[in-house]
Structure formats: structure tokens, C-alpha cells
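Quick notes on the structure that follows.
In what follows, chains carry the letters A, B, and so on, assigned in the order in which the sequence lines appear, proteins first and then strands, with residues in each chain numbered from 1.
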Protein chains: 2
Amino acid sequence: MMRHDLLIHDEQLCKQRGVRLTCQRRRVLKIIMQSPLPVGAYDILQKMDPPAAPPTVYRALDFLLQQGLIHRLATLQAYLVCEHPDASHQSQFLICSECGQVEEMEDSNIQKSLDLAASQAGFSCSNEVVEIMGRCVQCAGEGH
Amino acid sequence: MMRHDLLIHDEQLCKQRGVRLTCQRRRVLKIIMQSPLPVGAYDILQKMDPPAAPPTVYRALDFLLQQGLIHRLATLQAYLVCEHPDASHQSQFLICSECGQVEEMEDSNIQKSLDLAASQAGFSCSNEVVEIMGRCVQCAGEGH
DNA sequence: CAATGTAATGTTATAATGTAACAATTATTG
DNA sequence: CAATAATTGTTACATTATAACATTACATTG
């Protein structure tokens, strides 16, 4: 279920940037990659073998977030891999309340409408959180 | 700083709906209304006089959220009054990282772009979280 | 009004998420 | 190698939220 090419890609990306994807950071990243659903920090913690303490996990998460290799879902307080960790970008997320699956989007219309509304209010954005809860195609298809 | 008319409006709204804005619920609501910034649940807890326990506050918050009288900011884990608690609506929030002020918007363009993107993905939304971090007009105006 | 059921609150304990502070170690650089 | 910076280890704790069960207030209906 894990995309090994993505891990290699992330490693190269860090090399290019002159930042270190250390052992602990890679371990945390791999755990997130191997999960089909967003994982909480303490889920990650439990999967750390050999075991680690919370700060180790949170530091790794901070690094991975800064590098854009993962995202954090504010509504779920959970983490998931970024599917296109190249350029800096704003993503939007479709979160299925039924199956828990999350789809990452980079929708330029949403982006434009957010930026427009913000600038009309004289507001200069640094960061945008867009998380849409509902039912995904599969779950909606399965009736009721 | 508190809009007393809003409290009255909320009371009437609850009466119309046949739900009870009880003493505890009103106390929590008033604390949120009296705060110029979003407040955390434990800030509210501290302001409860006579004192209360966490479940009391969280139950009141749940009620107020369900009735649409307040909103919860997922990024801040904090609560603020809804400025137009009449019809059910989706709001977007501009959150200033400098002064902490939050502006509630109901932007139809944002709404449309979100709904369109979701429906294109076959996703049926039940709830949308849009929180934009940055600097508000005042803070941006104050240089650097 | 009394009896009964439902809704709301009280109370205690604990779960889940995240961070502060400082020590120890590992990399990097001059 | 020595000095410095970056990373990790470790302990303790802060913050946010909920579970479980007892009690009280309210509403309804006979």
C-alpha cells in the first residue's frame, strides 16, 4: 500500500534542500506512508519500534510539515502524506466521515475564491485550511 | 463589548425551536459573547462562577454548536459567537495571527467553488471548514 | 397533583493531544 | 581535533476532551 517511489522522491528532495531526513524522521514518515488513513501522533508513537517518546514524534512531524512532505488535518488532528511534495502549495481535503478516506485536492477555483475574498477584506493570507467533511463516492454509492 | 441584542435574539430562536437555553448554556454563551477573541473551553471553564466541571462546559458548547449559536475554530480549538445565527449556513473565517481577531465571512463564491469541487469528486459534503490564517487589515497596515 | 419518563446537570476519573526544559549525543565545520 | 550546531533522549507536565454513572430538574399524562 505504500508508495516506495514517494519515499525516494522525498529523500532526494531533502538532499536538494540541504536538510536532513534523519533516521527518526524517516521512520515517522514511513509510518504515515504505510497508513491508508490519516494517523494521529499517538498512533505513530505506538508504531515506533524501537519505542520513542512523544517529543521525538512531534519533532519529526514538525520537520515533515515544514518540508511539506506531510499534511496535518486540523479537524481530525491527524497526519497524512502529501501526494505531491514538490512545490509549496495549498491543498484542500475531502474527508469521508464513513470510511475515513481523505482525498487531497489542489483546486485553483477554490484557491482563487479564497484569495479574492481575503484580499477584499484587506487580509493577507499565510496559510489556508480547507477541510470538507461528507461522504465519498464509494460510501455514498452504497445507499442510504 | 457584548451585544445584548444578540443574546435576546438567541433566546427567542431557542424558544421558536422548542429547545432550552438553560442557565448553564446561557452562562457559557454569555462568556463567549463577552470575549473579544475566540476562547478555549478551559478559558470558559475558568470564568464560570460559580465554578463548573469540564463536562458542563463541553455539553453547553455542544448544544450551542448544534443550534448554530457559536462556531468552533478547528485550527485554534477555540469558540466564538456566530454573528448571524438565523439560518443554517457555512462560514469561512479570517484569523489574524498577530492580534487574534477573527472575521466571519459567508462568501458565496467560496461556497460555490467548494461545492463544485466536491461534487466533481462525487463527494457529498455535510460540513465545511475554511479557516484562513494571516494578517488582518489593521495589523498589515502597521508595517513590516 | 402524583407518578413517571426524559432531559439536563453534577461528579469523578481518565483519555488524547501536545509542549517545556534540560541533558546527552551526533553531525558539521573551521 | 576542537568547537559549534543540529538532533535526539528523557522527564515531567500542560491542554483539550470524554466516559461513566449518580443526581436533579423538567415535562407529560393519567
Here the distance between atom P of C:dG18 and atom CG of A:L65, to the nearest Å, is 10 Å
Look only at the side chain of B:R26 and the backbone of B:L7, and say whether a donor-acceptor pair between them is shorter than 3.5 Å. no
Could you tell me whether the side chains of B:E128 and B:Q111 share a donor-acceptor contact shorter than 3.5 Å? yes
How many Å lie between CG on A:D62 and C1' on C:dT19, as a whole number? 10 Å
May I have the distance from A:L21 (atom CG) to D:dT7 (atom P), rounded to whole angstrom? 11 Å
Note, B:L13 side chain near B:L69 side chain (heavy atom, < 4.5 Å): yes
Protein-nucleic acid N or O pairs under 3.5 Å, nucleotides 22-30 of chain C:
none

No-hydrogen, no-angle side-chain donor-acceptor test under 3.5 Å, B:E131 and B:T75: yes
N or O in side chain of B:Q24 less than 4.0 angstrom from C:dG10 OP1/OP2: yes
Can you tell me if A:E104 uses its side chain to pair, donor with acceptor, with the backbone of A:E83 under 3.5 Å? yes
Between D:dT18 and B:Y58, is there a base-stacking contact, meaning the centre of the base's six-membered ring lies under 5.5 Å from the residue's ring centre while the planes stay under 30° apart? no
A:S97 side chain to A:G134 backbone, donor-acceptor under 3.5 Å: yes
Check for a donor-acceptor pair, side chain of B:R25 on one end and backbone N or O of B:R20 on the other, with a separation under 3.5 Å. yes
At less than 4.0 Å, is any side-chain N or O atom of A:T56 found next to OP1 or OP2 of D:dG9? Yes or no. yes
note: B:L64, atom CG; C:dA8, atom C1'; distance rounded to Å ~ 14 Å
OP1 or OP2 of D:dA25 sitting under 4.0 Å from any side-chain N/O of B:T22? no
Using modelled atom types only, decide if a donor and an acceptor are shared between the side chain of B:R59 and the backbone of B:Q24 within a distance under 3.5 Å. no
Starting at the 5' end of DNA chain C, which residue's closest nucleotide do you reach first, B:C23 or A:A41? B:C23
From CG of A:L73 across to C1' of C:dG18 the rounded distance in Å is 17 Å
D:dT16 P sits how many Å from A:L76 CG, rounded? 19 Å
Given D:dA17, D:dT8, C:dT11, which nucleotide is nearest the side-chain atoms of B:Y42? D:dA17
So which one's nearest nucleotide on DNA chain C is more toward 5', B:R25 or B:P55? B:R25
Calculate the interatomic distance between B:L61 atom CG and C:dT9 atom C1'; express it in whole Å. 15 Å
Base, sugar-phosphate, or nothing: which does A:F63 touch, judged by heavy atoms less than 4.0 Å apart? nothing
Between D:dT18 atom C1' and B:Q77 atom CD, what is the distance in whole Å? 14 Å
All heavy atoms of A:I44 vs all of A:I32, minimum pair found to be CD1-CG1, 3.8 Å
Measure from the side-chain N and O atoms of B:Q92 to the backbone N and O of B:D107, and report whether any donor-acceptor pair falls under 3.5 Å. yes
Under 4.0 Å, heavy atom to any atom of DNA chain C: which of residues 8-19 of chain B qualify? none
